[in-house]
Amino acid sequence: MRTKIIAGNWKMNKTPAEAVALAQALVAEIGSVSGVERVIVPPFVALAGVAPVLAGSGIGLGAQNLHWADSGAYTGEVSAPMLKGLCQYVVIGHSERRQYFGETDESVNKKTRAALTHGLTPIVCVGETLAQYEAGETGAVVSGQVKAAFAEIPAADALKTVIAYEPIWAIGTGRAATPEGANAVIADHIRAVIAGLYGADVAAALRIQYGGSVTAANAAELLAQPDIDGALVGGASLKAADFGVIVRAAA
Ligand code: PGA
(Lines give C-alpha, C1' and ligand atoms only; values in the text may rest on other atoms or scores of the structure.)
Protein backbone atom coordinates (compact mmCIF):
# COMPACT_ATOMS: atom_id res chain seq x y z
CA MET A 1 0.00 0.00 0.00
CA ARG A 2 1.54 3.29 -1.09
CA THR A 3 1.11 6.22 1.28
CA LYS A 4 -0.23 9.12 -0.71
CA ILE A 5 1.81 12.31 -0.85
CA ILE A 6 0.34 15.75 -1.37
CA ALA A 7 2.82 18.51 -2.12
CA GLY A 8 2.04 22.20 -2.47
CA ASN A 9 4.26 23.98 -4.99
CA TRP A 10 4.03 27.67 -4.16
CA LYS A 11 6.06 28.63 -7.26
CA MET A 12 7.23 32.28 -7.20
CA ASN A 13 4.71 33.42 -4.63
CA LYS A 14 4.91 34.75 -1.05
CA THR A 15 7.56 36.90 0.57
CA PRO A 16 9.40 35.26 3.47
CA ALA A 17 7.02 36.90 5.94
CA GLU A 18 3.94 35.90 3.95
CA ALA A 19 5.32 32.37 3.67
CA VAL A 20 5.61 32.08 7.44
CA ALA A 21 2.02 33.22 7.83
CA LEU A 22 0.73 30.70 5.27
CA ALA A 23 2.81 27.94 6.86
CA GLN A 24 1.25 28.73 10.24
CA ALA A 25 -2.21 28.55 8.70
CA LEU A 26 -1.33 25.22 7.09
CA VAL A 27 -0.06 23.75 10.35
CA ALA A 28 -3.43 24.58 11.88
CA GLU A 29 -5.27 23.20 8.84
CA ILE A 30 -3.43 19.94 8.10
CA GLY A 31 -0.93 19.42 10.92
CA SER A 32 -3.06 16.76 12.54
CA VAL A 33 -4.18 14.90 9.39
CA SER A 34 -2.74 11.39 9.44
CA GLY A 35 -2.31 8.71 6.81
CA VAL A 36 -1.02 11.06 4.11
CA GLU A 37 2.41 12.60 3.56
CA ARG A 38 2.11 16.40 3.43
CA VAL A 39 4.75 18.66 1.94
CA ILE A 40 4.92 22.37 1.24
CA VAL A 41 7.35 23.83 -1.27
CA PRO A 42 7.89 27.57 -0.81
CA PRO A 43 10.53 29.69 -2.56
CA PHE A 44 14.16 29.20 -1.49
CA VAL A 45 14.30 32.43 0.51
CA ALA A 46 11.37 31.33 2.67
CA LEU A 47 12.76 27.90 3.63
CA ALA A 48 14.74 29.01 6.67
CA GLY A 49 11.78 30.95 8.05
CA VAL A 50 9.21 28.25 7.38
CA ALA A 51 11.27 25.30 8.70
CA PRO A 52 10.82 26.15 12.41
CA VAL A 53 7.09 26.76 11.86
CA LEU A 54 6.73 23.18 10.60
CA ALA A 55 8.89 21.60 13.31
CA GLY A 56 6.95 18.83 15.02
CA SER A 57 3.91 19.33 12.76
CA GLY A 58 4.51 16.30 10.55
CA ILE A 59 4.43 18.56 7.48
CA GLY A 60 7.52 18.21 5.30
CA LEU A 61 9.37 21.00 3.55
CA GLY A 62 10.67 21.04 0.00
CA ALA A 63 12.60 23.29 -2.37
CA GLN A 64 11.57 24.03 -5.96
CA ASN A 65 14.89 23.33 -7.65
CA LEU A 66 18.57 22.71 -7.01
CA HIS A 67 21.89 22.65 -8.83
CA TRP A 68 23.63 19.32 -9.33
CA ALA A 69 27.06 20.50 -8.16
CA ASP A 70 27.80 20.65 -4.44
CA SER A 71 29.35 24.11 -4.68
CA GLY A 72 31.23 26.29 -7.13
CA ALA A 73 31.05 29.12 -9.62
CA TYR A 74 27.31 28.95 -10.39
CA THR A 75 25.99 32.41 -9.54
CA GLY A 76 22.41 32.38 -8.35
CA GLU A 77 22.18 28.63 -7.86
CA VAL A 78 21.47 26.56 -4.74
CA SER A 79 22.99 23.13 -4.09
CA ALA A 80 21.80 19.97 -2.39
CA PRO A 81 24.18 20.36 0.59
CA MET A 82 22.75 23.87 1.14
CA LEU A 83 19.22 22.47 1.20
CA LYS A 84 20.03 19.44 3.29
CA GLY A 85 19.21 20.23 6.89
CA LEU A 86 16.77 22.93 5.80
CA CYS A 87 14.28 20.76 3.92
CA GLN A 88 13.66 17.12 2.99
CA TYR A 89 12.24 17.25 -0.55
CA VAL A 90 13.12 18.96 -3.81
CA VAL A 91 11.03 19.38 -6.95
CA ILE A 92 13.07 18.63 -10.05
CA GLY A 93 12.29 19.27 -13.70
CA HIS A 94 9.05 21.16 -13.25
CA SER A 95 7.69 22.03 -16.69
CA GLU A 96 8.06 25.74 -15.96
CA ARG A 97 11.76 25.17 -15.45
CA ARG A 98 11.96 23.05 -18.60
CA GLN A 99 10.03 25.70 -20.55
CA TYR A 100 11.55 28.95 -19.26
CA PHE A 101 14.92 28.06 -17.75
CA GLY A 102 16.48 25.56 -20.09
CA GLU A 103 15.97 22.46 -17.96
CA THR A 104 16.65 19.35 -20.03
CA ASP A 105 16.24 15.63 -19.51
CA GLU A 106 19.97 15.54 -18.85
CA SER A 107 19.93 18.24 -16.18
CA VAL A 108 16.89 16.62 -14.59
CA ASN A 109 18.88 13.39 -14.30
CA LYS A 110 21.92 15.16 -12.82
CA LYS A 111 19.77 17.03 -10.32
CA THR A 112 17.88 13.89 -9.33
CA ARG A 113 21.14 12.06 -8.68
CA ALA A 114 22.48 15.02 -6.66
CA ALA A 115 19.36 15.10 -4.52
CA LEU A 116 19.58 11.36 -3.85
CA THR A 117 23.29 11.57 -3.04
CA HIS A 118 22.50 14.09 -0.34
CA GLY A 119 19.46 12.36 1.08
CA LEU A 120 16.81 14.68 -0.31
CA THR A 121 13.63 13.16 -1.75
CA PRO A 122 13.31 14.21 -5.39
CA ILE A 123 9.86 14.93 -6.80
CA VAL A 124 10.64 14.44 -10.48
CA CYS A 125 8.20 16.10 -12.87
CA VAL A 126 7.29 14.80 -16.30
CA GLY A 127 4.53 15.70 -18.73
CA GLU A 128 3.68 16.49 -22.31
CA THR A 129 2.82 19.79 -23.99
CA LEU A 130 -0.58 20.50 -25.48
CA ALA A 131 0.80 20.01 -28.99
CA GLN A 132 2.28 16.64 -28.03
CA TYR A 133 -0.97 15.65 -26.34
CA GLU A 134 -3.02 16.56 -29.40
CA ALA A 135 -0.56 14.72 -31.66
CA GLY A 136 -0.99 11.54 -29.61
CA GLU A 137 2.60 11.65 -28.41
CA THR A 138 1.91 11.61 -24.68
CA GLY A 139 3.10 8.07 -24.09
CA ALA A 140 6.34 8.45 -26.02
CA VAL A 141 7.16 11.82 -24.44
CA VAL A 142 6.42 10.83 -20.88
CA SER A 143 8.12 7.46 -21.01
CA GLY A 144 11.16 9.09 -22.60
CA GLN A 145 11.33 11.67 -19.82
CA VAL A 146 11.08 8.96 -17.18
CA LYS A 147 13.84 6.85 -18.74
CA ALA A 148 16.11 9.89 -19.04
CA ALA A 149 15.46 11.07 -15.49
CA PHE A 150 16.38 7.68 -14.03
CA ALA A 151 19.50 7.01 -16.08
CA GLU A 152 22.26 5.51 -13.91
CA ILE A 153 20.08 5.58 -10.82
CA PRO A 154 20.07 2.23 -8.99
CA ALA A 155 16.84 0.61 -7.83
CA ALA A 156 17.43 1.36 -4.15
CA ASP A 157 17.59 5.07 -4.97
CA ALA A 158 14.77 4.98 -7.48
CA LEU A 159 12.52 3.74 -4.69
CA LYS A 160 13.19 6.93 -2.73
CA THR A 161 11.91 9.19 -5.48
CA VAL A 162 8.46 10.49 -6.20
CA ILE A 163 7.35 11.14 -9.77
CA ALA A 164 4.82 13.83 -10.63
CA TYR A 165 2.91 13.45 -13.88
CA GLU A 166 1.97 16.96 -14.89
CA PRO A 167 0.53 17.42 -18.37
CA ILE A 168 1.60 20.94 -19.27
CA TRP A 169 -1.78 21.74 -20.78
CA ALA A 170 -3.33 21.15 -17.37
CA ILE A 171 -1.02 23.34 -15.30
CA GLY A 172 -2.57 26.61 -14.21
CA THR A 173 -5.24 26.33 -16.89
CA GLY A 174 -8.17 25.14 -14.84
CA ARG A 175 -8.35 22.20 -17.23
CA ALA A 176 -7.28 19.16 -15.21
CA ALA A 177 -6.77 15.82 -16.89
CA THR A 178 -9.63 13.43 -16.42
CA PRO A 179 -9.06 11.02 -13.54
CA GLU A 180 -9.12 8.06 -15.94
CA GLY A 181 -6.84 9.78 -18.43
CA ALA A 182 -4.25 10.73 -15.83
CA ASN A 183 -4.42 7.26 -14.31
CA ALA A 184 -3.85 5.63 -17.69
CA VAL A 185 -0.75 7.70 -18.45
CA ILE A 186 0.65 7.01 -14.99
CA ALA A 187 -0.03 3.28 -15.22
CA ASP A 188 0.92 2.66 -18.84
CA HIS A 189 3.70 5.16 -19.47
CA ILE A 190 5.27 5.78 -16.06
CA ARG A 191 4.72 2.81 -13.75
CA ALA A 192 5.20 0.38 -16.62
CA VAL A 193 8.45 2.10 -17.59
CA ILE A 194 9.66 1.90 -13.99
CA ALA A 195 8.76 -1.80 -14.01
CA GLY A 196 10.83 -2.24 -17.15
CA LEU A 197 13.80 -0.47 -15.60
CA TYR A 198 13.65 -1.87 -12.08
CA GLY A 199 11.12 -4.68 -11.92
CA ALA A 200 7.60 -5.07 -10.63
CA ASP A 201 8.40 -4.63 -6.94
CA VAL A 202 9.95 -1.18 -7.38
CA ALA A 203 7.14 -0.17 -9.71
CA ALA A 204 4.56 -1.26 -7.17
CA ALA A 205 6.22 0.75 -4.39
CA LEU A 206 7.18 3.97 -6.16
CA ARG A 207 4.76 6.83 -5.71
CA ILE A 208 3.46 8.76 -8.69
CA GLN A 209 1.51 11.97 -8.26
CA TYR A 210 -0.76 13.78 -10.64
CA GLY A 211 -0.44 17.56 -11.01
CA GLY A 212 -2.23 20.20 -13.06
CA SER A 213 -5.25 22.21 -11.89
CA VAL A 214 -5.89 20.02 -8.86
CA THR A 215 -8.50 21.77 -6.74
CA ALA A 216 -10.57 21.19 -3.64
CA ALA A 217 -13.40 20.24 -6.01
CA ASN A 218 -11.66 17.64 -8.18
CA ALA A 219 -9.03 16.16 -5.82
CA ALA A 220 -11.14 13.31 -4.45
CA GLU A 221 -11.93 11.75 -7.82
CA LEU A 222 -8.35 12.10 -9.04
CA LEU A 223 -6.99 10.58 -5.84
CA ALA A 224 -9.46 7.69 -6.01
CA GLN A 225 -7.68 6.34 -9.09
CA PRO A 226 -5.60 3.23 -8.35
CA ASP A 227 -2.32 4.52 -9.80
CA ILE A 228 -2.53 8.14 -8.60
CA ASP A 229 -0.58 8.28 -5.36
CA GLY A 230 -1.02 11.91 -4.55
CA ALA A 231 -0.96 15.35 -6.06
CA LEU A 232 1.44 18.14 -6.84
CA VAL A 233 -0.69 21.20 -6.29
CA GLY A 234 0.09 24.71 -7.49
CA GLY A 235 -2.53 27.43 -7.20
CA ALA A 236 -4.74 25.64 -4.68
CA SER A 237 -1.78 25.14 -2.34
CA LEU A 238 -1.71 28.88 -1.65
CA LYS A 239 -5.07 28.72 0.11
CA ALA A 240 -4.86 26.85 3.40
CA ALA A 241 -8.52 25.79 3.39
CA ASP A 242 -8.37 24.45 -0.18
CA PHE A 243 -5.10 22.62 0.44
CA GLY A 244 -6.68 21.18 3.56
CA VAL A 245 -9.55 19.74 1.53
CA ILE A 246 -7.09 18.19 -0.93
CA VAL A 247 -4.95 16.69 1.84
CA ARG A 248 -7.99 15.23 3.59
CA ALA A 249 -9.20 13.77 0.29
CA ALA A 250 -5.97 11.74 0.22
CA ALA A 251 -6.07 10.65 3.87
P1 PGA B 1 -1.55 24.16 -10.74
O2 PGA B 1 0.03 23.88 -10.81
O3 PGA B 1 -2.11 23.30 -9.66
O4 PGA B 1 -1.66 25.62 -10.42
O5 PGA B 1 -2.10 23.80 -12.09
C6 PGA B 1 0.52 22.59 -10.64
C7 PGA B 1 2.01 22.59 -10.72
O8 PGA B 1 2.57 23.30 -11.55
O9 PGA B 1 2.68 21.87 -9.95
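As a basis for the values below, the full set of heavy atoms in this structure was taken, side chains included, without hydrogen atoms, waters or symmetry mates. Counting from 1, the numbers follow the sequence of the chain as shown. All values reported here derive from a predicted model rather than from experimental measurement.
Between the OG1 atom in Thr178 and the CG atom in Asn218 there is a gap of 11.0 Å [rounded to 0.5 Å]. Interatomic distance, CD of Glu180 versus CD1 of Ile228, reported as 8.5 Å (0.5 Å rounding). For the atom pair CD1 of Ile186 and OH of Tyr165, the computed distance is 8.0 Å after rounding to the nearest 0.5 Å. One distance of note links CD of Gln209 with CG of Leu232; it measures 5.5 Å at 0.5 Å rounding. Atom CG of residue Leu120 and atom CG of residue Leu86 lie 10.0 Å apart, to the nearest 0.5 angstrom. Taken to the nearest 0.5 Å, the CG atom of Leu54 stands 8.0 Å off from the CD atom of Gln88.
Remark: the backbone N or O of Ala187 is not paired with any side-chain donor or acceptor of Asp227 at under 3.5 angstrom. Not a single donor-acceptor pair under 3.5 Å links the side chain of Asp242 to the backbone N or O of Lys239. Checked by atom type and distance alone, the side chain of Gln64 pairs as donor or acceptor with a backbone atom of Val41 at under 3.5 Å. Under the 3.5 Å distance criterion, the side-chain polar atoms of Ser95 are left unmatched by any main-chain donor or acceptor of Arg98. Looking at Arg191, its side chain does come within 3.5 Å of a backbone N or O of Ala203 through a donor-acceptor pair.
For the pair Arg248 and Glu29, the salt-bridge criterion is met [side-chain N within less than 4.0 Å of a carboxylate O].
Side-chain contact between Leu61 and Val39 is absent, with no heavy atoms from C-beta onward closer than 4.5 Å. Looking only at side-chain heavy atoms (C-beta outward), Val53 and Val27 come within less than 4.5 Å of each other. The shortest side-chain heavy-atom distance between Pro226 and Asn183 falls under the 4.5 Å cut-off. Glu106 places none of its side-chain heavy atoms less than 4.5 Å from the side chain of Lys111.
Residues Leu22 and Ile246 fall within the same hydrophobic cluster, defined by Ile, Leu, Val, Met, Phe, Trp and Tyr side chains chained together at heavy-atom separations under 4.5 Å.
Residue pairs that meet the salt bridge (charged side-chain N to carboxylate O under 4.0 Å, His left out) test with at least one member in residues 37-58, sequence neighbours left out, are Glu37-Arg207. Within the structure, salt bridge (charged side-chain N to carboxylate O under 4.0 Å, His left out) pairs that include any residue of residues 132-150 do not occur (at least two apart or interchain). Each ring pair (Phe, Tyr, Trp, His ring centres under 6.0 Å) pair with one or both residues in residues 76-96, not counting sequence neighbours, would appear here, but there are none. Residue pairs satisfying the salt bridge (charged side-chain N to carboxylate O under 4.0 Å, His left out) criterion with at least one member in residues 122-131, sequence neighbours excluded, are absent.
Ala114 approaches Ala80 most closely through the heavy-atom pair O-CB, 3.9 Å. The shortest heavy-atom contact between Val36 and Ile6 is CG2-CG1, 3.8 Å. When all heavy atoms of Gly93 and Val108 are compared, the pair lying nearest together is CA-CG2, 3.6 Å. Across every non-hydrogen atom of Ala240 and Ala25, the tightest pair is CB-CB, 3.9 Å. Closest non-hydrogen pair, Ile153 versus Arg113, comes out as CG1-CG, 3.5 Å. Taking every heavy atom of both residues into account, Ala158 and Leu206 meet most closely at O-CD1, 3.2 Å.
A search for side-chain hydrogen bond (donor to acceptor under 3.5 Å, both in side chains) contacts involving Arg2 returns Asp229, not counting sequence neighbours. For Tyr198, the ring pair (Phe, Tyr, Trp, His ring centres under 6.0 Å) test picks out no residue, with sequence neighbours left out. Checked against side-chain hydrogen bond (donor to acceptor under 3.5 Å, both in side chains), Trp68 has no partners two or more places apart in sequence or in another chain. Annotation: side-chain hydrogen bond (donor to acceptor under 3.5 Å, both in side chains) contacts of Tyr210 (sequence neighbours excluded): none. In this structure, Phe44 has no ring pair (Phe, Tyr, Trp, His ring centres under 6.0 Å) partners at least two apart in sequence or on a different chain.
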> Between Thr112 and Asn109, does a side chain to side chain donor-acceptor pair (under 3.5 Å) hold up when you go through it step by step?
Replying inline: CA-CA 5 Å; Thr112 303; Asn109 173 250; over 6 Å; no
>> Apply side chain to side chain donor-acceptor pair (under 3.5 Å) to residues Glu103 and Ser107 and explain how you reach the verdict.
In response: CA-CA 6 Å; Glu103 196 85 84; Ser107 63; 2.6 Å; yes
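Looking at Val233, Thr173, Leu222 one by one, the single match for side chain to side chain contact (heavy atoms under 4.5 Å, CB included) with Ser213 turns out to be Thr173.
As a member of the Ile/Leu/Val/Met/Phe/Trp/Tyr network built from side-chain separations under 4.5 Å, Val45 groups with nothing else and remains a singleton. Side-chain contacts under 4.5 Å among hydrophobic residues (ILVMFWY), followed directly or transitively, place Ile168 with no other residue at all. Tyr133 belongs to a hydrophobic cluster with Leu130, Trp169, counting contacts under 4.5 Å between side-chain heavy atoms of Ile, Leu, Val, Met, Phe, Trp and Tyr, direct or through other members.
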